[in-house]
Amino acid sequence: MKVSNGIKKFFMYSAGHSYTNMSRLFLRLFIGLMFCLVAFRQIIHVSDIAPQYEGILSLGSEISIVVIAIAELLCATFIMLGFLMRVALLPSIAIMAYAEYLVFSPNVSLSVFSFSPGYPVMFLGVFLFLFLSGPGKISVDYLIAVNIERNREEDEVLDNV
């Protein structure tokens, strides 16, 4: 089967020129915004969630929900900015793993959560992808790394003089 040159060029160009940094930025912003929405819903509906939730770390159920929601908001903000992103992803992964455990817990009603089964796994998948791929060049982490490298090179030049 013969393929036209236009189709060949299109696929060769798109295969060799990817927009990975823009894609990672979009994914960071999108998943961070979604994570913020989950946290806001938990704060708004804390009185509905608290009776069916046992709490963590010997805290009351309402305090635990608020603490988790604040952690989600902080982590989401760091993820969206690309600032200490891999560090911010660790608690995010733990929170979503715990949420998935709660979804299948026989003591908790699914109507309490603002998400259906599968959403925590979706978040986990995206978080793991971002953890492996990193924040990309459009991030605070990248700017810090470039600045550190520039300062290191300047120090080496001054040491050699």
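Just so we're clear, the structure is a prediction, and the values are computed from it rather than from any experiment.
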Review item, side-chain donor-acceptor pairs of residues 75-87, under 3.5 Å, at least two apart:
from: Thr77; atom 1: OG1; to: Leu73; atom 2: O; distance (Å): 2.8
from: Arg86; atom 1: NE; to: Phe131; atom 2: O; distance (Å): 2.7
from: Arg86; atom 1: NH2; to: Phe131; atom 2: O; distance (Å): 3.4
from: Arg86; atom 1: NH2; to: Leu132; atom 2: O; distance (Å): 3.4

With under 30° as parallel and over 60° as perpendicular, where do the rings of Phe35 and Phe123 fit, or are they tilted in between? tilted
Once you measure the plane-to-plane angle for Phe26 and Phe30, does it fall in the parallel (<30°), tilted (30-60°) or perpendicular (>60°) bin? parallel
Hphob cluster co-occupancy, [X] + [Y], side-chain heavy atoms under 4.5 angstrom:
{"X": "Val38", "Y": "Ile43", "answer": "no"}
{"X": "Leu33", "Y": "Ile44", "answer": "no"}
{"X": "Phe127", "Y": "Leu90", "answer": "yes"}
{"X": "Ile95", "Y": "Phe40", "answer": "no"}

For Met122, I'd like to know if atom CE has over 12 heavy atoms of other residues, nucleotides or ligands within 6.0 Å.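 For Met122, atom CE is crowded (more than 12 foreign heavy atoms under 6.0 Å).
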Please report the closest heavy-atom contact between Leu27 and Leu130, naming both atoms and the distance. CD2-CD2, 4.0 Å
Using residues 133-140 as the side-chain source, report each donor-acceptor pair under 3.5 Å to any protein atom, sequence neighbours left out, with the distance given to one decimal.
from: Ser133; atom 1: OG; to: Phe129; atom 2: O; distance (Å): 3.0
from: Ser139; atom 1: OG; to: Gly136; atom 2: O; distance (Å): 2.8
from: Ser139; atom 1: OG; to: Tyr142; atom 2: N; distance (Å): 3.2

Could I get the full list of side-chain contact (heavy atoms from CB on, under 4.5 Å) partners for Ile70, not counting sequence neighbours? Val66, Leu74
Check against side-chain contact (heavy atoms from CB on, under 4.5 Å), Asn151 and Asn147: CA-CA 6 Å; Asn151 289 340; Asn147 193 23; 3.7 Å; yes
Distance from Leu124 atom CG to Leu89 atom CG, nearest 0.5 Å? 11.0 Å
Tell me every residue that passes side-chain hydrogen bond (donor to acceptor under 3.5 Å, both in side chains) with Glu149, counting only those two or more places apart in sequence or in another chain. Arg152
What I'd like to find out is whether the side chain of Ile148 reaches to under 4.5 Å of the side chain of Ile144, using heavy atoms alone. yes
Is any side-chain heavy atom of Met34 closer than 4.5 Å to one of Leu37? yes
